[in-house]
Amino acid sequence: MNEINKVPDKIKDKLLKLKNLAEQGYKGEAIAAKRALEEMLNKYGLTLDNLFDEEIEWRWIKVGRDKYLKEILHQCHFQIIDQSKATYKEYDTQIGLKLTASQYADLMSLFEFHSSQFKKEREKIMGSLVSAYVQKHGIWGHSDDENKEEAKKPIDFEKIKTILAIAGTMEDITYHKQIE
C-alpha cells in the first residue's frame with residue numbers, strides 16, 4: 001500500500017483545495033495556502049507528485065445530444081490532459097473519458113464554465129442570426145405602420161454591426177412566388 005492510500009479522503013480533499021488555492025489564490029491568500037499545504041504534506045510524509053498519483057479510470061459525463069457541447073467537452077478534456085487526442089467512449093447522452101479523480105474534478109469545473117458561457121453566447125448569436133436573415137431577405141410587412149414603441153428604443157450600434165456582418169456572409173437568394 002502506498003502512502004497516499006493511508007491518507008483519509010477528507011485530508012486528501014483538504015490538500016487538493018489548498019493546492020488549488022495556492023495556485024489560484026490572491027497574493028497573501030495564496031502564500032498562506034502554500035505554507036499550509038507544505039505543512040500538511042510534511043505531516044503525512046507526502047509530496048505533490050505522489051498525492052496526485054491516482055488511478056486512471058473511465059469517468060462518464062452526461063453531455064446530452066448537442067454536438068457542439070460534445071466538442072467543447074472534448075476540447076476541455078484535451079486541455080486538462082494536455083494532449084491533442086485521446087480515447088473516449090460514447091453511449092447515448094454520455095461520454096466516457098479515462099481520467100484520474102483530480103483530472104475529472106478539473107474537467108467538470110472547466111466544462112461547466114464553458115458550456116454555460118457557450119449557451120449564453122449561442123442564444124445571443126441566434127437572435128442576431130434571425131435578425132440578419134430577416135434583414136437580408138426582406139421578410140417583413142411593407143406597410144407604413146410604424147411601431148411607436150419600437151421607434152422609442154435606443155439604437156444599439158454594436159448589435160446592428162453584428163447583424164450586418166452576419167447578413168453579409170449569407171447567400172444572395174430571392175424567393176419567387178409560385179404562379180397558380
What residues, two or more places apart in sequence or in another chain, satisfy side-chain contact (heavy atoms from CB on, under 4.5 Å) together with E38?
K34

Contacts of type side-chain contact (heavy atoms from CB on, under 4.5 Å), residue E71, not counting sequence neighbours
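side-chain contact (heavy atoms from CB on, under 4.5 Å) list for E71, sorted by chain: Q75.
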
Between S116 (side chain only) and E112 (backbone N and O only), is there a donor and an acceptor less than 3.5 Å apart?
no

If we ignore hydrogens and angles and just use 3.5 Å, is the side chain of T169 paired with the main-chain N or O of I166 as donor and acceptor?
yes

Reported [atom1]-to-[atom2] distance for the pair [X] and [Y], which is rounded to 0.5 angstrom:
X    : Y    : atom1 : atom2 : value
L37  : L21  : CG    : CG    : 10.0 Å
I81  : L99  : CD1   : CG    : 7.5 Å
T93  : I61  : OG1   : CD1   : 12.0 Å
F78  : L73  : CZ    : CG    : 9.5 Å
E158 : I160 : CD    : CD1   : 10.0 Å
L164 : K136 : CG    : NZ    : 10.0 Å

Does Y175 have more than 12 heavy atoms from other residues, nucleotides or ligands lying within 6.0 Å of its OH?
yes

Within a 6.0 Å radius of atom CD on E123, are there more than 12 heavy atoms belonging to other residues, nucleotides or ligands?
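Atom CD in E123 is not packed in, count stays at 12 or less.
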
Compare every heavy atom of [Y] with every heavy atom of [X], then report the nearest pair and how far apart it is.
X    : Y    : value
A22  : A33  : N-CB, 3.7 Å
W140 : V134 : CZ3-O, 3.3 Å
K98  : H77  : O-NE2, 4.2 Å
I163 : A132 : O-CB, 3.4 Å
W58  : G96  : CZ3-O, 3.1 Å

For residues [X] and [Y]: do they belong to one hydrophobic cluster (side chain heavy atoms under 4.5 Å, members Ile, Leu, Val, Met, Phe, Trp, Tyr)?
X    : Y    : value
L16  : I80  : no
L97  : Y68  : yes
I173 : L129 : no
Y88  : I72  : yes

Can you tell if the side chain of M170 reaches within under 4.5 Å of the side chain of Y133, non-hydrogen atoms only?
yes

Below 4.5 Å, heavy atoms only, C-beta onward: do Q103 and R59 meet side chain to side chain?
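No. Closest side-chain heavy atoms not under 4.5 Å.
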
Would you call R122 and D66 a salt bridge, taking side-chain N to carboxylate O under 4.0 Å as the test?
yes

Could E23 and K19 be called an ion pair, given the rule that one side-chain N must be under 4.0 Å from one carboxylate O?
yes

Just do the side chain to side chain contact (heavy atoms under 4.5 Å, CB included) check on D92 and R65 with the steps written out, would you?
CA-CA 8 Å; D92 197 27; R65 298 185 194 285; 2.8 Å; yes

Could you go through W60 and K89, starting from their C-alpha distance and side-chain angles, then the distance that decides it, and tell me whether this counts as side chain to side chain contact (heavy atoms under 4.5 Å, CB included)?
CA-CA 9 Å; W60 290 89; K89 295 179 182 179; 3.6 Å; yes

